[in-house]
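First the structure, in the form of structure tokens, and then the observations on it.
Below, chains carry the letters A, B, ... as their sequence lines are ordered, and counting in each starts from 1.
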Amino acid sequence: MAEDKLPARSEDFSEWYNQLVVRADLADYAPVRGCMVVKPYGWALWENICDWLDAEFKKTGHVNAAFPTLIPMSFFEKEKEHVEGFAPELAVVTHGGGAELEEKLAVRPTSETIIGHMYSKWVKSWRDLPLLIVQWGSVMRWELRTKLFLRTAEFYWHEGHTAHADEAEAKEEMYRILDIYEQFCYEQAAIPVLKGTKSETERFAGAQITTSIEAMMWDKRALQSGTSHYFGENFSKAFDIQFLNKDNQLTFAQTTSWAISSRIIGAMIMVHGDDKGLVLPPRLAPVQAVVVPIFKNDDEKAKVMDVADRLFAELKAANVRVKFDDRDNVSSGFKFNDWEMRGVPVRVEIGPKDVEKGTVALARRDKPGREGKVFVSQENIAQTVGALLDEVQAALLQRAVEYRDANIHNVQTYDQLKEVVQDGWAFAYWCESTECEKKVKEETKATTRNIPFDQPNEEGKCVVCGKASKRKVYFAKAY
RNA sequence: CGGGGCGUGGCGCAGUCCGGCUAGCGCGCUUGCUUUGGGAGCAAGAGGUCGUAGGUUCGAAUCCUAUCGCCCCGACCA
């Protein structure tokens with residue numbers, strides 16, 4: 001049954017990923033080039049991600065709204081850098097109702113322009129600020145090479161767009177959101193991320209400052225997992241977002257935008273997954289525990305089902321997201337493998353021997369095979385499972401932190417840098433010049449990921465050119 | 001856009017060079033019986049105008065022409 005197994009993660013990481021996404025039932029290939037269909041299981045995972053973030057945004061004063069999918073082409077021309085950044089990947093609607101349109105419409109690749117246009121109508125007084133709006137939806141970028149969740153032509157996300165009266169407040173907003181993203185990654189997704197500022201070349205088209213969280217995948221490549229931008233007056237000038245301040249002076253608003261996309265699902269796959277399939281962090285897993293009954297004949301079945309039903313009900317009553325696998329057309333061995341492929345954190349196995357002894361077998365997904373299996377009492381099953389879920393959540397994060405830290409290397413020389421980025425991340429002083437950054441990219445394919453905020457106030461030498469430099473940056477090959 | 005590969009039941013493929021009978025195989029699917037503590041077995045079934053259009057021929061999955069699409073590697077990217 002070799003064809004039932006995934007390709008080994010260590011043999012062909014890319015193929016492992018491609019097959020895993022489909023076989024874990026997260027998504028399927030759509031009939032449109034580069035697009036995916038997110039299946040119910042994948043969407044349930046996405047909803048759990050969105051629910052947590054949505055609650056945090058609301059706690060911090062944000063509100064949700066919806067803007068159109070289609071944006072007049074002329075809007076893109078208003079901000080020079082923005083149009084240069086996005087024009088190549090726009091999908092454009094040229095016809096409507098059977099006739100050619102007078103003005104072509106772009107399918108939104110991001111919504112700064114149309115939201116900027118509306119903000120100019122809505123912002124007249126300092127009393128209208130801050131304006132803190134989040135849009136949940138999808139956007140489209142005509143990517144040349146796509147991969148499910150990581151880079152598809154259409155992807156799902158939330159995009160926050162805020163307008164503020166002054167610079168300090170806008171910057172505070174940018175950092176506040178980045179902190180929420182960081183907290184989400186550590187506490188919910190069990191993905192350790194590194195916060196920092198993007199270099200000028202890696203900056204969002206039209207931003208003055210782009211901050212990001214960067215995560216290390218299992219193959220040690222970096223994945224930008226969330227971004228938060230400060231625009232200064234770039235967009236408010238382009239779209240004329242002006243208000244009268246308390247001193248009756250006409251002032252341009254300060255704006256920000258920020259996003260986490262469905263790409264974060266790709267990050268979870270590539271950080272936690274193993275040769276048996278997906279491994280989901282308990283807090284976000286659509287199914288946290290699955291009950292698998294095991295029996296040989298009708299007599300056993302009756303006894304086992306009776307207990308399994310009871311345990312299932314207890315777990316459900318304790319608000320564990322639990323599933324009862326009562327399929328009678330597949331063997332229990334098949335079910336074990338099936339739920340492992342889907343990444344369910346805890347499996348509760350109940351067979352005739354357990355019924356006799358008053359036990360169940362608990363298998364934790366992060367430790368496959370016998371190592372992760374323990375027999376526990378049926379008493380207080382919800383408590384036991386709940387504690388195990390917490391343990392798995394913590395173990396996943398710890399493993400990911402250790403892996404990340406073991407593969408980031410401080411480097412002093414350019415030769416060291418070149419070697420390290422072949423299979424890891426390099427952390428080094430950099431003079432922040434585009435030339436040095438470009439040289440590294442051309443010679444190693446590694447790019448600067450971000451410059452961490454908190455750095456000791458020390459002076460070093462740029463790892464590329466040797467010039468005096470104050471801050472260190474992460475270099476890594478990125479997705 | 002440059003290089004490479006591929007379109008044949010739901011999926012993965014064989015057959016194409018060298019045209020020939022009713023287009024095969026594995027997985028999956030349906031039904032039945034036996035099974036179920038790590039990917040079960042047997043039996044009987046359902047399912048294909050061979051990417052599309054045209055041409056050559058007594059006869060085309062196979063040869064010719066055109067066309068569409070997909071995948072992989074590179075350049076670009078959340």
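- Across all strands shown, B:G20 is found opposite B:C58 as a Watson-Crick or G-U wobble partner, with both distances under 3.5 Å.
- Scanning atom types as modelled, no donor and acceptor separated by under 3.5 angstrom connect the side chain of A:R370 and the base of B:G37.
- Nucleotide B:C76: unpaired (no Watson-Crick or G-U wobble partner with both distances less than 3.5 Å).
- As judged by a 4.0 angstrom heavy-atom cut-off over every strand, A:E300 is placed among residues making no nucleic acid contact.
- Base pairing of B:A66 is made with B:U52, judged by Watson-Crick or G-U wobble geometry with both donor-acceptor distances under 3.5 Å.
- In this structure, A:D298 places its CG atom 12 Å from P of B:U36, rounding to the nearest Å.
- For the C1' atom pair drawn from B:C27 and B:G20, the interatomic distance equals 31 Å after rounding to whole Å.
- Side chain A:D354 to base B:G37: a donor-acceptor pair is found below 3.5 Å.
- When heavy atoms are screened at a 4.0 angstrom cut-off, A:A361 is found touching base atoms of the nucleic acid.
- For the C1' atoms, the distance from B:U49 to B:C18 is 26 Å, rounded to whole Å.
- Look at the C1' atom in both B:G51 and B:G69: the space between them is 7 Å, to the nearest Å.
- Residues A:P293 and A:N18 both approach RNA chain B. Their nearest nucleotides, taken by heavy-atom distance, put A:P293 toward the 5′ side.
- Spacing of C1' atoms, B:G59 relative to B:C21, comes out at 11 Å, to the nearest Å.
- Using cut-offs of 30° and 60° on the angle between ring planes, the pair A:F427 and A:Y474 is parallel.
- Taking atom P in both B:A14 and B:G55, one finds a spacing of 30 Å when rounded to whole Å.
- Closest to the A:S332 side chain, of the nucleotides B:U36, B:G39, B:C76, is B:U36.
- Relative orientation of the A:F13 and A:W218 rings is parallel, given thresholds of 30° and 60° on the angle between their planes.
- Here the P atom of nucleotide B:G37 and the CG atom of A:D338 are 15 Å apart, to the nearest Å.
- As judged by a 4.0 angstrom heavy-atom cut-off over every strand, A:E349 is placed among the base-contacting residues.
- Taking atom CG of A:L150 as the reference point, atom C1' of B:C76 lies 16 Å away to the nearest angstrom.
- Nucleic acid contact for A:I260: none, since no nucleic acid atom lies under 4.0 Å from a heavy atom of the residue.
- B:G41 and B:G26 are spaced 13 Å apart, taking the P atom of each and rounding to whole Å.
- Under the Watson-Crick or G-U wobble criterion, with both distances below 3.5 Å, B:A43 is paired with B:U31.
- Note: NZ (A:K5) to C1' (B:G12) measures 19 Å, nearest angstrom.
- Note on A:K353: a base of the nucleic acid sits closer than 4.0 angstrom, heavy atoms only.
- Between A:H272 and A:P281, the closest heavy-atom pair is CD2-CD, 4.2 Å.
- Atom name C1', nucleotides B:C63 and B:C70: the rounded distance is 25 Å, in whole Å.
- At whole-Å resolution of the value, CG in A:L362 and C1' in B:G37 are 14 Å apart.
- Looking at heavy-atom distances under 4.0 Å, A:V330 makes contact with a base.
- Ring pair A:F86/A:F204: centre-to-centre distance below 6.0 Å.
- Spacing of P atoms, B:U30 relative to B:U22, comes out at 32 Å, to the nearest Å.
- The separation between A:K301 atom NZ and B:U35 atom C1' is 13 Å, rounded to whole Å.
- Within the nucleic acid shown, A:S257 has no heavy atom closer than 4.0 Å to any nucleic acid atom.
- Between A:W136 and A:H158, the ring planes lie tilted relative to each other; the angle falls in the 30° to 60° range.
- Checked against A:E391 for a salt bridge (charged side-chain N to carboxylate O under 4.0 Å, His left out), the options A:K367, A:R364, A:R365 give a single hit: A:R364.
- Nearest-nucleotide mapping onto RNA chain B: of A:S331 and A:K147, the residue sitting toward the 5' end is A:S331.
- Among the atoms of the strands shown, base atoms are found under 4.0 Å from some heavy atom of A:P352.
- A:F75 and A:F239 have perpendicular rings, their planes meeting at more than 60° on a 0 to 90° scale where under 30° would count as parallel.
- In terms of polar N and O atoms assigned as donor or acceptor, the side chain of A:K373 comes within less than 3.5 Å of the base of B:G38 in a complementary pairing.
- Distance CD (A:E143) to P (B:C76): 13 Å, rounded to an integer number of Å.
- Nucleic acid contact for A:K276: base, since at least one base atom lies under 4.0 Å from a heavy atom of the residue.
- Centroid-to-centroid, the aromatic rings of A:H82 and A:F235 come within less than 6.0 Å.
- Straight-line distance from the CZ atom of A:F336 to the P atom of B:A40: 11 Å, rounded to whole Å.
- Across all strands shown, A:Y479 has no heavy atoms under 4.0 Å from either base or sugar-phosphate atoms.
- Here the side chain of A:I294 is nearest to one of B:A75, B:G37, B:G39, namely B:G37.
- Among B:G39, B:U36, B:G37, the nucleotide with an atom closest to any side-chain atom of A:F375 is B:G37.
- Both distances falling under 3.5 Å, in either a Watson-Crick or a G-U wobble arrangement, place B:C11 opposite B:G26.
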